[in-house]
Amino acid sequence: MSNPYRSHTCNDLRATHAGQTVRLAGWIHNKRDLGGVLFIDLRDHYGITQIVIPPTAGFQDTLSHLPKETVISVHGLVRPRPEGTVNPNISTGEVELDVQGYDLLGSCQPLPMNVFPEDHTPEETRLKYRFLDLRRTKLHQTVMLRAKVISSIRRRMIELGFQEFQTPILTSSSPEGARDFLVPSRLYPGEFYALPQAPQQFKQLLMVSGFDRYFQIAPCFRDEDGRADRTPGEFYQLDVEMSFVTQDDVFAAIEKLMIPLFTEFKAEWPINATPEGAFVRIPYKESMLRFGTDKPDMRIPFEISDLTPLFAKSEFKAFAGKTVRAFAVPQAFDQPRSWFDNLQEEAKKLGAPGLAYVKAEAMLSPESTGGYGIKLSGPVSKFLEKDPEVYAGLVALIAASTAYDPANKLSYLDRISPTVIFFSADANETKAAKVLGAMRVKIAEQLNLIEKNVFKFAWIVDYPMFELHEETKAVEFSHNPFSMPQGGLEALEKQDPLTIYAYQYDLVCNGYEVASGAIRNHRPEIMYKAFALAGHDQTVVDTEFAGMINAFKYGAPPHGGIAPGIDRIVMLLADEHSIREVIAFPMAQNGRDLLMNAPSPVSEKQLKEVHLTIRKPVPKV
RNA sequence: GGAGCCAUAGCUCAAUUGGUUAGAGCGCCUCCCUGUCACGGAGGAGGUUGCGGGUUCGAGCCCCGUUGGCUCCGCCA
């Protein structure tokens, strides 16, 4: 009846247990052999207990030679630690176990990495021996945090009136979006299932079926390459869909989830929500201008300004007639030349011709305008000084970017602190914006200007419904083809497609896209029209989205939803910068599982069963 | 598909411009030590410098290729 391995966990014993005979089981965390007495820290999931093996015990020498991470079970007498030897760092530190006997439950070979102490270890080793890495306190607790976050999300979603559903894992390939993972069919030679990129169509069908409020912690599969914040292959979404809602209703529901959730796990980090509990909303176009990205990190204290009009007729050929964006960073003023050179290289890697900058500081200029002015220096300063209009524009930018209190009657000169203005110019507006957006983050990281211990959320709204294909110049969907265009059918019929916005939105936090969603297009006639504008006729919709468009013809409610990324939420709450730190068994960046050796070849028999022959790529000569 | 960075003992790192026998800490092994908790002390084993080629009197260091990992671009409706 009693458990053969343990009567208590390694976090149970307190002074009140003194005198009891107990049994503990766990890993040998650390050993201290003092010659006479032997101390072993025994560790399990719950904690650490010090066990003591006296010299009189016949097995002391054997235990002393068991390597770290051996699994043992010990029994003995709980006793208070002698005066002055209490360890306040562990919760069981008032007591120790006087061991009377032990069982060896799992022996341990020489370790490829230390579990304790938690030395820095290359990620390759950590991924290959993930089961050891997961024993270490840091990762063990992150994985526990993830478990608690998911549990909290489930509880909160149910409290908010949502129901959890399952949807198929083996489904059909969808022509839009990322590359699919395919699963060959045994019963239907030459046909394939696809793993879902998201349960998108299923959750919409659940709304058509009248279920009203759906959620699921859903695995999503996309055959795309990894990044620091994106796993290759698979990830988890909190998939959400609601009927009879507007965009505002979806926002309100998610705000009611996210703010309490983030507060539960990081109470000490402020969240930039209104007193009513709403996140700021930023239109997509505005975000691209102010931050050069649609996932702005608003912890960075400087923003981008548009200087295009200033240079419209400039003689400075590098800027003239192009989209010119700029930001000022006072903290960069004292950086060495090599630092600026390095930034140039970074900008070039992003496809920019370079990164123009000019140093600016206040000066007394008795000769010219009114006794003060801005002195410019640096590689392009002479081009910028020449044009009075450009010069005035830069002065305005500097004044605006320099922190000062307007009520304080400081002189103009005092308000201007030395600063550096960085420029990006490109004939392509998007490219000019994106390059400077990337440099904004890079510079803020390098100069340590990103505000710490804070969550800055924003809704990015009003995504364009359509955009021009870069090469063909054809109109195509810019995001989700299932989104409802703002203005409905009338907008599609009368407006220039490129001016139509979609009810499509992202939630961003600290520079990460944490959720993406839309109010869906549930009206077949609007769907056909939207696809027609993107160059697809009705048969394309009817064949490729047959299940959904068909359902919409039998009474579909207006509906919309969103899908927050679970991995990224945990990443933010764990204050980690690599998504692999919040996943128990992540793949390496190249999509390989170093622990399980996936992907791996399969037998000829297995291939035959699913009617496949392998066509290997021809090696390059 | 492309670019950059990294690879030295089981692990973390060192090794001046290319120059003697490639070092240290942790871990491991042996021994000493009865109150430690990152215990302490003495000694020892452990290396084809990821792999293949090249330059050189001489390569851990320079060059080319390759493998693996990371970061980024493309990709991510």
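Every chain is numbered from 1, with letters handed out A, B, ... down the list of sequences.
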For this session: Would you indicate whether the side-chain heavy atoms of A:D567 and A:Y236 approach each other to under 4.5 Å?
Result: yes

Problem set entry | Interface with RNA chain B, restricted to residues 220-235 of chain A and to heavy atoms under 4.0 Å | A:R222, A:E224, A:D225, A:R227, A:A228, A:R230

Seminar exercise, completed: note: A:E346, atom CD; B:rA3, atom P; distance rounded to Å ~ 17 Å

Exercise. Heavy atoms under 4.0 Å, any strand shown: does A:N89 hit a base, just sugar-phosphate, or nothing?
Worked result: nothing

For this session: Could you check whether A:H65 gets within reach of a base, just the sugar-phosphate, or nothing at all, counting any heavy atom under 4.0 Å?
Result: sugar-phosphate

Problem set entry | Residue pair A:T125 / A:P112: nearest heavy atoms and the distance that separates them | CG2-O, 4.0 Å

Exercise. Should B:rG4 form a Watson-Crick or G-U wobble pair with both distances under 3.5 Å, which nucleotide is its partner?
Worked result: B:rC70

For this session: Output the single nucleotide from B:rU71, B:rC37, B:rU34 whose closest atom is nearest the side chain of A:Q50.
Result: B:rC37

Exercise. Under 4.0 Å between a side-chain N or O of A:R32 and OP1 or OP2 of B:rU36?
Worked result: no

Exercise. Does B:rG25 pair with anything, Watson-Crick or G-U wobble, both distances under 3.5 Å, and if so, with which nucleotide?
Worked result: B:rC11

For this session: Could you measure between the two P atoms, the one in B:rU56 and the one in B:rC61, and give it in whole Å?
Result: 16 Å

Exercise. Roughly, in whole Å, what's the span from CG in A:D33 to C1' in B:rG35?
Worked result: 13 Å

For this session: Quick one: sort the A:H522 and A:F552 rings into parallel, tilted or perpendicular, breaks at 30° and 60°.
Result: perpendicular

Problem set entry | A:D12-A:T9 side chain donor-acceptor pair, cut-off 3.5 Å | yes

Exercise. Using a cut-off of 4.0 Å on non-hydrogen atoms, how would the nucleic acid contact of A:L111 be classed: base, sugar-phosphate, or nothing?
Worked result: sugar-phosphate

Problem set entry | Sugar-phosphate, base or nothing in reach of A:E513, heavy atoms under 4.0 Å | nothing

Exercise. If you measure from OG1 on A:T167 to CG on A:D239, what distance do you get to the nearest 0.5 Å?
Worked result: 7.0 Å

For this session: Specify the separation, in whole Å, of atom CZ of A:F116 and atom C1' of B:rC37.
Result: 8 Å

For this session: Once you apply the 3.5 Å cut-off to both distances, tell me the Watson-Crick or G-U wobble partner of B:rA42, or none.
Result: B:rU30

Exercise. Between B:rG35 and B:rU71, how far is it from one P atom to the other, in whole Å?
Worked result: 48 Å

For this session: Could you check whether the rings of A:F422 and A:F327 sit parallel, tilted or perpendicular, using 30° and 60° as the cut-offs?
Result: tilted

Seminar exercise, completed: Scanning all shown strands, the Watson-Crick or wobble mate of B:rC62 with both distances under 3.5 Å is B:rG54

Exercise. Which nucleotide sits closest to the side chain of A:P122: B:rG27, B:rG35, B:rU12?
Worked result: B:rU12

For this session: Classify the nucleic acid contact of A:Q197 as base, sugar-phosphate or nothing, counting any heavy atom under 4.0 Å across all strands shown.
Result: nothing

For this session: Would you mind classifying the nucleic acid contact of A:N114 as base, sugar-phosphate or nothing, using non-hydrogen atoms under 4.0 angstrom?
Result: sugar-phosphate

Exercise. In terms of side-chain heavy atoms of A:V37, which of B:rC72, B:rG35, B:rC11 is nearest?
Worked result: B:rG35

For this session: Pick base, sugar-phosphate or nothing for A:I48, based on heavy-atom distances below 4.0 Å to the nucleic acid.
Result: nothing

Exercise. Using a cut-off of 4.0 Å on non-hydrogen atoms, how would the nucleic acid contact of A:P82 be classed: base, sugar-phosphate, or nothing?
Worked result: base

Exercise. When the P atoms of B:rG50 and B:rU34 are considered, how many whole Å apart are they?
Worked result: 45 Å

Problem set entry | B:rG46 to B:rA22 separation - P atoms, rounded to the nearest Å | 13 Å

Exercise. What nucleotide among B:rG35, B:rA38, B:rU71 has an atom nearest to a side-chain atom of A:E96?
Worked result: B:rG35

